[in-house]
Every structure is written in C-alpha cells, then in structure tokens.
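Here is the structure we will look at.
Residue numbers begin at 1 in each chain, while the letters A, B, ... track the order of the sequences. Heavy-atom basis, side chains included; hydrogens, waters and symmetry copies ignored.
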There are 2 protein chains.
Amino acid sequence: MTVTLDFSKPCTHGRKNCLECDMRLLSVCGALDQTELGALESLAQTSVFEPKQTLFVEGDPAESVFTVTQGMIRLYKLVPDGRRQIVGFALPGDFLGLAMANKYGFSAESIVPTRVCRFSRAAFSAFVDQKPHLLRRLHEFATHELSLAQDQMVVLGRRNAEGKLAAFLIGLRNRIAAIAGHSVTIALPMSRQDIADFLGLTIETVSRTLSSMAKDKLILIVPDGVRLLNPKAVEALAEA
Amino acid sequence: MTVTLDFSKPCTHGRKNCLECDMRLLSVCGALDQTELGALESLAQTSVFEPKQTLFVEGDPAESVFTVTQGMIRLYKLVPDGRRQIVGFALPGDFLGLAMANKYGFSAESIVPTRVCRFSRAAFSAFVDQKPHLLRRLHEFATHELSLAQDQMVVLGRRNAEGKLAAFLIGLRNRIAAIAGHSVTIALPMSRQDIADFLGLTIETVSRTLSSMAKDKLILIVPDGVRLLNPKAVEALAEA
DNA sequence: CGTTGAGTTGACCATCGTCAACAGGAGTGG
DNA sequence: CCACTCCTGTTGACGATGGTCAACTCAACG
C-alpha cells in the first residue's frame, strides 16, 4: 500500500489513466477487467475542485455520478430552518450516486482540493446494465454505506458527546487506514462545524469535548487533526 | 389496492403461492416474470412468528434472507451497556438481508404476528447471480433503505422531541399508505420503548411528547395507535 | 495593521434524562 | 369472583448534559 492521503495537496489535472489509478481496486472500478476498464475510461471525465466548491445540490437532477480519487467531500442535508446534518464524508474510493435516482438525495461540497471521475448518469447506467458484476459491486458499496449509516444512527441516537467524538475519530481512522495504512495521527481537514453537524452537536460542544479528551491525555490536538495518545482508551469509548 | 394491514391478526400457515401473493409487486419479487417466480417459489419457505420472537441476532452467520409478507419487525443494534438503537421497522414488502453478507448487521424481532418468506442465503445469492434484473431490484431496495437511513440521521441529529415524533408518525403513515392506502389513523403496534429506541429518546419523553401533541389537538391517542386530528400541522412539524 | 473567520472558553439556561409514584389492563390463582 | 402480580404507559419533580450567548485568542490575508 503505497497510497498516501494528503488532504492539503492541490490536485493536478493529470490525464485520466484508469489502469494506473491508485484508487482502482478500492473503488467500484475494481470490479472491471482491463477491457471493461478501457470502455469505462472513455466515459469518464476528470474534474477537480478547490475547497468549498459545490459538486451538486440535494434535489437537483442527478446528471452525473462520481468516483472520488483524491480529497474529501461533505455530504449533507439541510432542514428548512437552516440547520444542517452531514450524512457522510466521501473519501477516495467512494462512489457518489449509488442510487442512480433522478434527483440527488443530498448535497456535496469539497472540503479540500478534490479530484473525481465524473460519469454521465445515463451513460454509466447503460454501462452497468451490461456488466452484472459491476452492478454487484455497486450493490456491495450500497449495502456497505447502509451499514455505516446504521452505525451512525447508533452514534446519533445513543451516545453522549464524548462517545460521539470517539466513534467519529476511530471510524475516520479506520477508513483512512483502509486507504493509506495505519497511523496514530488522524487528519481532520473538515471544520469543527462539519464535525458538529455530523454528530448532532454544536461547534462549542465539539471544541469542549476535544479539549477535555486532550486534558485527559487521550488525544493531542495538532494542526488540522488529532494524534491518538491512548488509542485503546479512545477505541473503548467508541465502542461503549 | 385491496391490501389491508391488520397488525393484530394472527398469521395463517397457508401454502405459499407467489403468483397470488398480495405483496409480490411491492417486494423484490416484483422484478420477476411468471417463470422466474416459479423458480424462486421453489426456494422459498414460509415462516410465521408470534409477537416478540427473534428472527436472527446481530453477528450471527447469515444463513437466511427474508421477504416480509405480513406483520412488523423491529431491527436493532445493542450497545455494550445494554442500550438499544432501533435502526428500522420492517413492514410487508421489505427485504431483510440486502447485504447478503456473512453475518447479520442487526437483530430482528417480530413485534406482532408476522409472516415471512425465508430463503437460504446461498441459494438466493446463486439465483440472483443468474437474474441481473433481480439484482437491480435489490440494489434499488438497498439505495431506498440508505435514503431512509439518511433521513433518519437528520431526525436523530437535528430534531427535538416533538419533531422526532412528528417525523416518525408521518414517515410511518406514508409507508403504510404505500402498502394499504391512506388513512388518518396510524397503527402503532410497537411499544413506547421501541419508539424511544428508534428516535433516540426515553420512553418518558415519548409519552410526554405524545400527550402534549394530544393536548394541542394535533393527534388523538387511541388504543395501539394515534389518529391525526391536524395532519397538515403534524406534517409541518415533521418537515421543519 | 486592521479585518475576518475559525476555534476556544466561560456563564447561564433549556431540553430531555433520571428517578419515582401511580394508573389501568391482562393474566393467574385462590 | 376477587386479589394479586406483572407489564405498559403516564405524570411529576429534579438534575445533568449539551445548547445558547458572549467574549476572547490566533492565524491568515489584504
């Protein structure tokens, strides 16, 4: 695993090359052989986004679907009163548009410099119709997302602030580890407001709780992230 | 739509007959033609459950998958300290085992007399491998579930007790309406504890909030359910 | 060097959880 | 038939967790 995740690195507009793509085996593309990959590549268009750019908005006609190859994206829903619930963070390897529905079910904004492979939904859908093993892969991704969503329901419904933060940190660490290998330092390119809107808290409670965990020597707060000083203890908090 | 939902009615052990099944078009079976339906029927085994029986437990080897044809099932996860988060209520037409993973991701218990079609996961998986349109249907069900889960994240993370109850009532009403047509009376066969564990509240808060909504003439509390006295107002609460 | 935005910390308060008492219905047994 | 228990649900009193409002620091940026 030579892949590294650097959320601060700007994206290069390099020509797409699916065969050499670092994320291929992690993404839905991993289901395809070399010939199929070539066919899919001809449908793909690389897009890069600066931080805080909108990929799409909830309710908009879903013209494109995406595979993330670099960066991080916040996926969120807004309540009429303006409050926001982040339903997930998309990392490299993740697929946006699993439902292939007519409208997007949430909004998506880049958090850091981000690169995606964009496909026309119609073309991608037609491609999938001819590749049952790709559909199976999409289904696996969808059920994995569903499982993560159900885990997050437990976090939102049955954990206090400290448990929420611990579960968030350990969950993010594990996802990053699956991409780039293990580390005790967890990059947090998203804002405190993003974390709060993911965990059903306020920015102040996130800040206070992280400070409290730092005071207890569980974590060390570093620029754009935290270091786990006592990983076992944080894991225990995340489980309990 | 002649289907009626009666959650108190005991289940008859009638021989399965997929062609005449009321739930066929609502369930994943709706993707199949008559010949395929016959093949699937030969894999199916009808099971009935009394209230409060366990279908399967989180973490158990997933030997079976299910289509619900009658009744209601609570799907839940337990946290080590014994607290419970209900991640969904399965109604007729719903499919359990979408992930077709080795282990169940949550536990399932019947709430009322319940009937399901049970399939061996291995046999069902092999059947799906030969029917891409059935896989597509399963994928649609999975992404629909994912969408419901994301809606529930908003409810859990960003709504107060009254908003949670309103969203729960309207969401359940809409699901029942899709099966059996519209009604202003919403059957609530699950206990207050179930509702609390679904909404991230306590039983007392559920009871108090329903009482308060009744005092405001929004709803009328009836045995095993509520009647919407002011549906528009409750819908507004559910949205806002 | 002033402005802006993110983050932290403190004081106070409201919502919801906890603990407790009570009501009503179902089931059981004398 | 009545007494008893058990279970679910309701209601009240109180308290804790986390939200609100506000002040402050600090880094980035013009």
Check the phosphate of [N] against [X], side-chain N and O only, distance under 4.0 Å to OP1 or OP2. Yes or no?
X: Arg208(B); N: dT10(D); value: no
X: Thr205(A); N: dG18(D); value: no
X: Lys52(B); N: dT8(D); value: yes

Among dT10(D), dG17(C), dG9(D), which nucleotide has an atom closest to any side-chain atom of Ser207(B)? dT10(D)
From C-beta outward on Ser191(B), which listed nucleotide comes closest to its side chain: dG18(D), dG9(D), dT8(C)? dG9(D)
Distance check needed: [N] [atom2] versus [X] [atom1], whole Å only.
X: Leu199(A); N: dT17(D); atom1: CG; atom2: P; answer: 18 Å
X: Ile203(B); N: dC16(C); atom1: CD1; atom2: P; answer: 17 Å
X: Ile221(A); N: dC26(D); atom1: CD1; atom2: P; answer: 15 Å
X: Glu204(A); N: dC13(C); atom1: CD; atom2: P; answer: 17 Å
X: Leu201(A); N: dG7(C); atom1: CG; atom2: C1'; answer: 16 Å
X: Asp81(B); N: dG17(C); atom1: CG; atom2: P; answer: 14 Å
X: Leu210(A); N: dG18(D); atom1: CG; atom2: P; answer: 13 Å
X: Asp194(A); N: dA6(C); atom1: CG; atom2: P; answer: 10 Å

If you draw a 6.0 Å radius around CD in Glu239(B), do more than 12 non-hydrogen atoms from other residues or ligands fall strictly inside? no
Looking only at side chains, do [X] and [Y] share a donor and an acceptor under 3.5 Å apart?
X: Glu109(B); Y: Tyr76(B); value: yes
X: Thr202(A); Y: Thr205(A); value: yes
X: Ser64(B); Y: Arg121(B); value: no

Looking at every strand, decide which applies to Thr202(B) at a 4.0 Å heavy-atom threshold: base, sugar-phosphate, or nothing. base
Which part of the nucleic acid, if any, lies within reach of Ser211(A) when heavy atoms closer than 4.0 Å are counted: base, sugar-phosphate only, or nothing? sugar-phosphate
Report the relative orientation of the aromatic rings in Phe106(B) and Phe56(B); use parallel for angles under 30°, tilted for 30 to 60°, perpendicular for over 60°. tilted
Most 5' of Glu162(B) and Gln193(A) on DNA chain C, judged by nearest nucleotide: Gln193(A)
